[in-house]
Structures are given as C-alpha cells and as structure tokens.
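Shown next, in structure tokens, is the structure this report addresses.
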Amino acid sequence: MTLDERLQNVTIIGAAGKMGSGIAVLVAQEMSKLKLKPENKDKIYRLNLVDITEKALDGLRSYMKVQLVKAAEKSTVLLRQIYVDRKDLIENGEIINAFVDDTYALLNFTTDYNIAKDSHLVFEAIFENEEIKIKVLKQLKEICLPDALFLTNTSSIPISYLDEQAGLGGRIVGYHFYNPPVIQKLVEIIYADNTTEELKEIGLEFGKRLRKKLVPAADISGFIGNGHFSRDGLYAMNKVEELKDEYGYHGALYIMNKVSQDFLVRPMGIFQLIDYVGLDVFQSLLRVMRTHLKLEHLNSDQLNRFMDKKITGGQNPNGSQKDGFIKYEKNRPAGVYNIEEGKYRMFDEDWRAEIDKKLNPTNEKFAPWRALLMDGKKMEKLETHFNNLKGMDTYGSTLALDFLKTTKEIGENLVKNGVANSEKEVNEVLMNGFFWLYGPIHNFI
Amino acid sequence: MTYFRKKIYATAGFNTVSLGTGRKEFHPKKPRPGIEHYIKEAGLGSINQIQNPENIDEGVIGNFMAARFCNQGNLGGFFPMVHPTFQYKPCIRVEGACDSGGLALATAIKTILADMADVVMCIGVEVQNSVKAIYGADYLAGADWFSGNRKKGHVYFFPDLFSRRAGACYEKFGNEKVREGMAHWYVNAIENARKNPDAQEYHNKNSDLLATGMTSPNPKAFCEHINVFDCSKVSDGGSALIFASEEGLKKIGVELKDAVEVISYAQVQDNLTTPPPDLTKLSTCAVAAKRAYDRAEIKSSDLSVLDVHDCFTIAGLLAVEAAGVAGYGEGADFITDGNTKSDGIIPTNTTGGLVGYGHPTGASGVRQAIDVVKQLLGKAGDCQVKISPDKPFGMMSSMGGNDKTVVAMIFRKE
C-alpha cells in the first residue's frame, strides 16, 4: 500500500496535546492536498483526531482553525495552483479560506478510539508514560486494520520495547517531532529491531513531504535529542546543588540559567527550557531512561522536590508559560524559586545584581542568540566569543567553559554509545530541534 | 515659462513617519493610528508652516484603497478635522492607484488654474498595515485590471508583475548587470533613508546592504526574479503640501522664498485592460516625462534632483531610463556607477524613495513632490543635495498600476 493510499484514512491518538495537535495540522494539510488533486476528487479522506475529553477536543478545534489559516497563508503560492480551476476563488483570502474549509471537512473529532478501525496510518502522541502507551497501542492493535502502521511520537521509550509489549510485529516506528511540530524542522526517526521495510519507507517519504529534517537515531532510550537534553539538564541541576550553599538555591539556579543562555549563547537558559518542556515531562523522561538504560544516576532529588510541590512548568491552555524553576510575568522570566524557602525570589531584589557582578565583573556584552541567528558570520563570531571567554578568567566564564565542555562530552558519548551514527547527527538534532546556533560537538574548546 | 496661464507655487510640505516593519515603534499586533490620524497629522504639519490657514480654500485627498484596507470611504469628510476653518469648504478625494497622490497634486493645480481657488491643500494618505501582506496583495491588485487579470495572477500580484519586468530585463540586458543595478538601487535607498528620520528604513543597521540586495529570489515562497528587498514597504503614512497662486501665497502669509514654482506637469493615462507594450520599458512614464520636459522647456540634464516611483527596485531602474537621465538599457550601469547617489550626477530619491522611506500608496505622489520641493528650498536636512544655480529644477514622477497612470511634475526654485 502506498503512502498516498494510507493517507486516505489516518488517526492521531492524543491529538489535543501539545505534540498531537501540531502533528494533526501537518497531516491534515498533506491529506487535503491529496484530496484536492483532480484524480482523487471522488475518494473519501478522513483524519480522525482522538483525545480523552470533549473539552480537549474543543481546544483542538480552535487550534486547528488558527493553525490551518496560518499554514495556508504560508503556502498560498501552491494553493493558487491547486485551485486554479475554481473560477469562483480569485483572491488570496478566498483561496486560503477554501483550503481551510476543505481541510477542516476531512476531520473527525472524537473521544472514541474505535474510529481508528479503518485507518491505515496511526500516529500515537499521548503523554510520555510507557504503561499507558503500551495499553493504548495494544487496544489499537485490536481495533485497527491488520496492516495498519503505527508512528509513535515517544521521545524516550525504546521502540522495540513498545513493539514487543504491544505485539505489533514490527508495524511501529519512532517518529519523534519537536515542539512545536508545525515550526520545528526536526524529526528523529527510530527503527525498532523488527520495523518493516514498508514502514521505514513510509516514514522517510512522509518526512520528505512534510519538508522535515529526518535524523535517524538508534533505538536506545532517550535517543539523540533527549539523550543530550536529559544529561545537560542534570548537569545543571547537580551544579545547583554544588553552588547552593554559597548563593542559595535561587541564586544557584539563576547562575546556571544565565550562564547557559548568555555565556553559551543559547535561545533560552537550561532551566527555562526545562520549564518550557515541563518539569513533569522531564521527570518522566529521566524515569524512562533510568529504567531502560539501568543508570541510577539519571535522577534528580531537586526535580522531585519541585514535583512534590506541584510546580510543573509547561504551558497553560492559552499557550502562556506556567511557573517552574522560574517565575514568569508576561511570559518572561521574573524570578527564580528557592526550594528551601518555598518561594520565588524576584529579579528586582538586590541579590541578582550581586550575582551578575560576580559572574561578569567587567560587564562584558555578549551578542544574544537572536542577534546571531540570521548572521551569516555567526560561526566566526561564536569562535571569537568563546575565545574571549577563554581569556576572561572570571567566575562566569569558568562556569560557562565547564558547561561547554560537559555538553560536548555528552554529545561525544552519544556517538560512542551508538545512539547517533555520527557527530554530525548529534549536532543536527541540537541545532534543528533545540535551535542551538552550534552543535554540542565543536572545536571551540 | 508659459505653460500655465498663471504662476503656481508649492509650499509647506509635511510628511509623517512611514510606519510599518522596520520602524522600531511598529508592532503588528499593537493598535496603531487610523487613516484620519494621518490626514490630520499631515495637514497640521503643513498648516504649522503658514500664517493664515483660514485662507486655504479647498482640500484634495489622494488615497488608493481605504475602502478595503480601512473599510472607509468618503475621505473628504476628514478634511474639516484638520482645522476648524475647513468646515464647509470643498474637499475632493481622488484615486489613481499608487498614483493617487500624483493625481491629487494635479487636481489641486487645476483647481487654482481654473480660478476656483487661490490656495489648495493637497493631502495623500494610506493605511495598509491593517491586514497581512498576503491579503493586502489582493487589495493592491485593484491597481490592475482585476476581473481580467487577478485570477491568473500570482499570490503577490504586483511584485510578480514587476518580477516579470525584471526577468525580461535580465534576458535582454544581462542577468548579472541588471541584478546588480537593482541591488545598488536598494543600497542607495537604504543609505538615503538612514538620513531621513521619517523613513521606514531609518533604523536599518544592516552592515552589508549590497549582499542583502543581491539575495537570490525564492520562487516557492515569493517571486521568480525579485527578492523581498526589491520591494517597497507596506506602510501607513500621510503627506500634505499646499499649492497656491501668487496671490494665494500672500493670503496664507508665505514669502516667495519659502515656495517653489511648479512649471509644468503631465498627467498620462494608459489603458488598464491592455498589457504593457514592452516589459523592459516604462512607456507611460516616458511619455509623461517627455511632456513635462517639453512643457517646461527644459531637458533631463537640467535637473538637480529627481524623485521616481520605485515601488520595486526594477521600477526605479526603469524609471530613471523613462525620465531620460539614463539611456534605454543603461539604467543598471548608471545606478551601479553611483550616478543616482546624493553626490552623483542626478541625485535620485534622496530621502529613501518608496523602497527606503516607505510606500503609503495614496500618499507617495504627494511625498515625492514634497521632498523635491524641500531639496529646491534647501530644507532637506541631512538629505540635502547640491542644487546648482544653473540647474534650479527638480522633477517627481509618480506611477499607478503597472505603468498605467502617471503624473510627472517639474518644480523650479527662482
């Protein structure tokens, strides 16, 4: 069965979630473009969007409308060609609306898994919990057609394990989108031991159609992206434990967040990133990796204490950032949590200026990530920046260079341990999935 | 000069900031001033330079598409907002696509020549940031023959029309040469805009403008032969200029030294339903320029300053040819060699032009006239170029549609 044929009936499980909803937008557009080909006009296309509550589905309906309009606005050059024979559609606005309506008409929103019974392709994008994932996959195996193929968006659970537990006989592939899937170019593709050749081909072809950058990762828990992120985050948390006596928990958190953002020129600090992903997601990631890799050190008491206090980060339904390690005002960091005091310490207090001075006594100005993003000479500028750090010998530069070295080692170990085929792939994942300006494996140090 | 039956002067020009992407104060999601604000701001800016605003007899408002961008018609109704004494005075709105401002100038002059008024305030205005560019492209497509051409046109309808012109020029005169000329047009536009605090590109800090200008086109997302930097801006803005007879100047308390004489203009209309006869020429602009020169009894080499309608860099390139300052097919080299720069043979678009200042469509023609007038008066601030006494002439040429509606106007400082 070809990809075109399989795209006639698709189901997304967990479609109202952060990842599922983005995948839904991408899949819906591809299906709609197929449906709009003259030769397919009499065929029925259905994209089933399944989630557990009606409320979540209502949120998904609004999200789909907004995102489909945005997507159509970006592909109007193509849409004008698709609708070239529709004499009634003249203006861009009319064409965009027609595409959104035509695409929306393919969607079924439901809480009933049984709708997947006619699907040839099923995307699984539920919460990262292996018991639930296995249970759902088992259920789907019973419901779906015997040749249905499954693409799981797990970010850490070995695909062979899911295959074996759910009894899918190789009809599953890891297809790990990055958040938000509509924007992020990266998809990690992970084959289970038994993934069928057909599914491998389908995965590659679909990625090409979505114009995603597919990077293969070995079927080792955490894969490349989270294999790096988890260890990078743990390094920062462990460092906080080291620094807390001198600066307090809040000061230590602030230091590591600032060093990773400003000194390492990343889009956001390490703790802001964990907040964005969600402390709950990060904790669950560590749990999965700890279990499958049998590495006890992949754990953080500090993180567990935050979770005990129900401080989870992540986003509110309206997309705004929830508080986590950091407190946010208008989606911008405004303070950091002190776990011992049980409260946020705000940036406008005196402690911050003292730390800033300690980190960077000469008040060196670093080009921020955003300024270098579109700069054609960014690699040269980064090299100069890191050379400057090496020459500075300040508290901040020392912390930064240690972090940079660790980050590099984490990347190198991913290659050494066979998670990534090459250094290039590690760098591609961090640069495309995490928006880093440079890969962790570099020659800066 | 004998072309007009009496002397006509222009004075007290005022341009608002051209607001849109590029300006630090612009944020697409924050509320912005409406069209009435720009009419009032521009009008008051002009009034502040004269003694007796109550003696302004009439208003003309040039605007292209407020009906779609702002859901607003009857723009003449905003004229009395500008000054209390304008209540119950005549005001007319004129439209000729991106040459609406040019038509407003012509209308003001005709009113004075007809002895219906001694002083006419001419205001050009447009607010375009009310919708995303992808929808604005449809509104702007109304400058061409909509029912005949829109359906078969490109997403970005007008950029594509001029992209085709660029493509035709690449083929005829050499890709590299023309592309380079367009990129140098862009560089000159931004460099001039950096001297003009009202320009949309005033805050542009790009250190390698030529490389940006040379960016390869991306047909999948935009047009085949031009890049986004080849385009003028999506802009909100207004411009106001006062025209007066000799007696009118006295009435509003403006001395002759603060005014510039309009010595000729040509208003030329081509058939909207026919395709351009030659994509490598702005034929209508050329007719307008020739008539304006003939009526003024001057040659292109008599000009000290020129302002042309560079809605796209290729339009700028073809416009200097149409204005006769560069020969046919020689525009690219003429620009690349620096002849249109502020210290060049013929300083062109000295305040940034449509690419650098911005292109609030209905205001552009008025803005062009104002900037030429300011240059001739020596009041162009950091943008001032040398006006030699033996060449006291400046010309503006404003174009609507794909070289369909053109006004070329020549000014002289006595």
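Residue numbers start from 1 in every chain, and the chains themselves are labelled A, B, ... in the order their sequence lines are given, proteins ahead of strands.
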Heavy-atom pairs under 4.5 Å with chain B - which of A/Ile96, A/Ile90, A/Asn92 has more of them than the others? A/Asn92
Of all of A/Lys74, A/Arg80, A/Gln81, A/Glu73, which one pairs up most often with chain B through heavy atoms under 4.5 Å apart? A/Arg80
Is it true that [X] and [Y] have ring centroids separated by less than 6.0 Å?
X	Y	result
A/Tyr178	A/Phe434	yes
A/Phe386	A/Tyr438	yes
A/Phe177	A/Tyr175	yes

For chain A, find which of B/Phe222, B/Phe146, B/Tyr139 contributes the most heavy-atom pairs closer than 4.5 angstrom. B/Phe146
Using non-hydrogen atoms and a limit below 4.5 Å, what part of residues 179-189 of chain B faces chain A? none
[atom1]-[atom2] distance between [X] and [Y], expressed to the nearest 0.5 angstrom:
X	Y	atom1	atom2	result
A/Thr76	A/Tyr83	OG1	OH	11.0 Å
B/Leu318	B/Arg165	CG	CZ	6.5 Å
A/Leu47	A/Met64	CG	CE	6.5 Å

Where does A/Leu79 contact chain B at under 4.5 Å (heavy atoms): side chain, backbone, both or neither? neither
What part of B/Ala221 gets within 4.5 angstrom of chain A, counting heavy atoms only: side chain, backbone, both, or neither? backbone
B/Lys132 portion near chain A, given a 4.5 angstrom heavy-atom threshold: side chain
Under 3.5 Å, is there a donor-acceptor pair between the B/Asn402 and B/Asp144 side chains? no
Kindly write out the residues that satisfy salt bridge (charged side-chain N to carboxylate O under 4.0 Å, His left out) with A/Asp88, not counting sequence neighbours, or none if the list is empty. A/Arg86
Under a 3.5 Å distance rule, please check whether A/Lys35 uses its side chain to pair with a backbone N or O of A/Lys41 as donor and acceptor. yes
